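Okay, so here's the structure we're looking at.
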Amino acid sequence: MAVERTFVAIKPDGVQRGLVGEILGRFERKGFKLVGLKQVTASRELAGEHYGVHRERPFFAGLVDFITSGPVVAMVWEGDGVIASARKLIGATKPLEAEPGTIRGDLAVNIGRNVIHGSDGADTAHFEINLWFSAEELNAWTPSDQSWRIES
Ligand code: DAT
Ligand code: MG
């Protein structure tokens with residue numbers, strides 16, 4: 001498995017509901033490395049770029065209204081296979097179909113309030129990391145306990 005980086009964001013509902021610590025903790029406990037973290041209130045322009053692939057969908061305007069309605073917590077996580085693994089931790093888009101044990105399965109009921117975003121592939125991860133973060137905001141570092149999570 002190659003070391004990857006992925007973009008994850010706790011959406012405004014997750015921030016408003018006080019779920020930031022709960023969600024961050026799940027990625028930390030899994031063993032991924034946090035290399036970028038900030039709170040951002042997204043402009044409509046940023047939101048539109050982020051959800052550009054959905055521009056023609058009927059829910060697009062509501063999605064942009066929602067994602068710009070308050071601060072989000074934007075993150076970049078690093079690790080072996082982190083892109084697909086983060087999607088598994090997050091769970092299915094429709095929270096009622098998301099497995100218990102996943103973030104959406106445990107913490108959400110509505111597709112329009114599904115708490116968290118995660119990049120869906122390598123190209124999207126690259127695009128979204130560069131959209132939300134500057135290079136200086138990302139940190140290369142080695143956790144002191146790394147050998148207890150990763151064989152070297
Ligand atoms: P995901 O967030 O799991 O990657 P997606 O990329 O298909 O899902 O859609 C982006 C977001 O748009 C999703 O988290 C919630 C919203 N959304 C998707 N489909 C929707 C629908 N049919 N009605 C309302 N909102 C929807
Ligand atoms: Mg998506």
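On a predicted model such as this, the values are computed, not experimentally measured, just so you know. Just so you know, ligand 1 is whichever comes first in the structure, and atom 1 is the first atom listed for that ligand.
- The closest protein non-hydrogen atom to atom 15 (C) of ligand 1 is Ile111 O, 3.4 Å.
- Here CD1 of Ile111 is found 8.0 Å from CD of Glu97. Values are rounded to the nearest 0.5 Å.
- In this structure, Lys38 places its NZ atom where more than 12 heavy-atom neighbours from other residues, nucleotides or ligands lie under 6.0 Å away.
- For atom 16 (C) of ligand 1, the nearest non-hydrogen atom from the set Thr124, Leu63, Val53 comes from Leu63.
- Set against the non-hydrogen atoms of Arg87, the atoms of ligand 1 under 4.0 Å away are 1 (P), 3 (O), 4 (O).
- The CZ atom of Arg104 lies 11.0 Å from the CG atom of Leu107; values are rounded to the nearest 0.5 Å.
- Counting only heavy atoms from C-beta outward, the side chains of Ile103 and Ile23 approach each other to under 4.5 Å.
- Using a 4.0 angstrom heavy-atom cutoff, Arg104 counts as in contact with ligand 1.
- Heavy-atom contacts from other residues, nucleotides or ligands closer than 6.0 Å to CG of Asp123 number 12 or fewer.
- For the pair Lys11 and ligand 1, a heavy-atom separation below 4.0 Å is found.
- Residue-level proximity to ligand 1 for His54 is carried by the side chain, the only part with a heavy atom below 4.0 angstrom.
- In this structure, the protein non-hydrogen atom closest to atom 3 (O) of ligand 1 is Thr93 OG1, 2.5 Å.
- A 6.0 Å sphere centred on CD of Glu137 holds more than 12 heavy atoms belonging to other residues, nucleotides or ligands.
- At the top of the distance list for atom 17 (N) of ligand 1, counting protein heavy atoms only, stands Phe59 CE1, 3.6 Å.
- The atoms of ligand 1 that sit less than 4.0 Å from any heavy atom of Asn114 are 13 (C), 14 (O), 15 (C).
- Heavy-atom contacts from other residues, nucleotides or ligands closer than 6.0 Å to CH2 of Trp141 number more than 12.
- Near Tyr51, with a cut-off below 4.0 Å to any heavy atom, the atoms of ligand 1 are 10 (C).
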